[in-house]
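The structure appears right after this line, and notes come after that.
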2 protein chains.
Amino acid sequence: MDSETDILPALPGQRLQRGVARGLRALGFACVEEMVLATGLRVDIMALGPKGELWVVECKSCRDDFRTDRKWQGYLDYCDRFFWAVDADFPADLLPEGTGLMLADAYDAEILRMAPETPLAGARRKAMTQAFARHAALRLQALRDPMGAAGEGRL
Amino acid sequence: MDSETDILPALPGQRLQRGVARGLRALGFACVEEMVLATGLRVDIMALGPKGELWVVECKSCRDDFRTDRKWQGYLDYCDRFFWAVDADFPADLLPEGTGLMLADAYDAEILRMAPETPLAGARRKAMTQAFARHAALRLQALRDPMGAAGEGRL
């Protein structure tokens, strides 16, 4: 890692997101950030594993960030496993039992506690995988072709 | 469209790909380019529709580009509909019957002839949708975090 050329994201939560995405990629998962669920809730990271597993990771940069979170239980029905990702300074004993835990920074992440598995039903898995695919492809297209993504066609 | 700020792709085939992706987005499809199938074949455009439809579009920039294509029939088993995309100068009567046809340029595309529908079986649709999702998310991550995508972790 050449830290001279590695531009860090501005916000603490974004730095954790980047490290989690790197760490999960090393485990064979592809990640998208800020995906909106059917409920309107937005997850920090949705990860799709090599066998189609769907994991949600919520990144918490500080105690207050966790304490003000009223929505995390709404994610449990939309993933096979749910994790928190925090940095080394976070008081991890605040986090509820029965959830997964990753230790992260801007560069990497590791799983400290595996989340329990609550497999999605087939119909929801299918809908979530399609939603993940469309989210990722539309974001990619917007980066590759910003003029087209602005919705300004020729006609 | 402000053509002053719109950077055209270098190659004719890439210009068609961009126009097709824009045109399909207007129809509610999300597209990825250069996706590799399980067979090892690489498709120009794989598009995922709002109902989970999977379309393949092959872009042909000239007569020779089509005449040397020995692999297009290998795509038919991996999509619900198959299209060619060509520009206005292409001799469209060269193209085989029973396939779809789009007229495209760098800015947009329109469907001239709808492709026949040959719906994918459930297991293949599931595998293809997952492969599309992983392809799109990993490309997106590589653009957003090129240092991480280089596979150089901290540890």
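Chain letters run A, B, ... following the sequence lines, proteins first and then strands; every chain starts at 1.
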- Message: Using every non-hydrogen atom in the two residues, find where B:Ala136 and A:Ala137 come nearest and quote the distance to one decimal.
- Response: CB-N, 3.7 Å
- Task: State whether the side chain of B:Arg25 and the backbone N or O of A:Gly148 hold a donor-acceptor pair below 3.5 Å, judged by distance alone.
- Result: yes
Looking at chain B, which one of [options] has the largest number of heavy-atom pairs inside 4.5 Å, strictly under?
options	answer
A:Arg134, A:Lys126, A:Gln130	A:Arg134
A:Ala47, A:Gly49, A:Gly19	A:Gly49
A:Ala133, A:Ala127, A:Pro50	A:Ala133

- Message: Run A:Glu33 and B:Gln141 through side chain to side chain contact (heavy atoms under 4.5 Å, CB included) and show every step you take.
- Response: CA-CA 9 Å; A:Glu33 300 178 3; B:Gln141 190 170 349; over 6 Å; no
- Item | Step-by-step side chain to side chain contact (heavy atoms under 4.5 Å, CB included) determination, A:Arg18 to B:Arg144 | CA-CA 9 Å; A:Arg18 194 185 78 164; B:Arg144 290 180 60 150; over 6 Å; no
Quick check on the hydrophobic clustering: are [X] and [Y] connected, directly or via other members, by side-chain heavy-atom contacts under 4.5 Å?
X	Y	result
A:Val57	A:Tyr75	no
B:Leu103	B:Leu101	yes
A:Trp72	A:Leu37	yes
B:Val43	B:Leu41	yes
B:Phe29	B:Leu54	no

- Query: Rounded to the nearest 0.5 Å, how far apart are CD of B:Gln17 and CG of A:Asp145?
  - Reply: 11.5 Å
- Query: With only heavy atoms counted, which part of A:Pro9 is less than 4.5 Å from chain B, the side chain, the backbone, both or neither?
  - Reply: neither
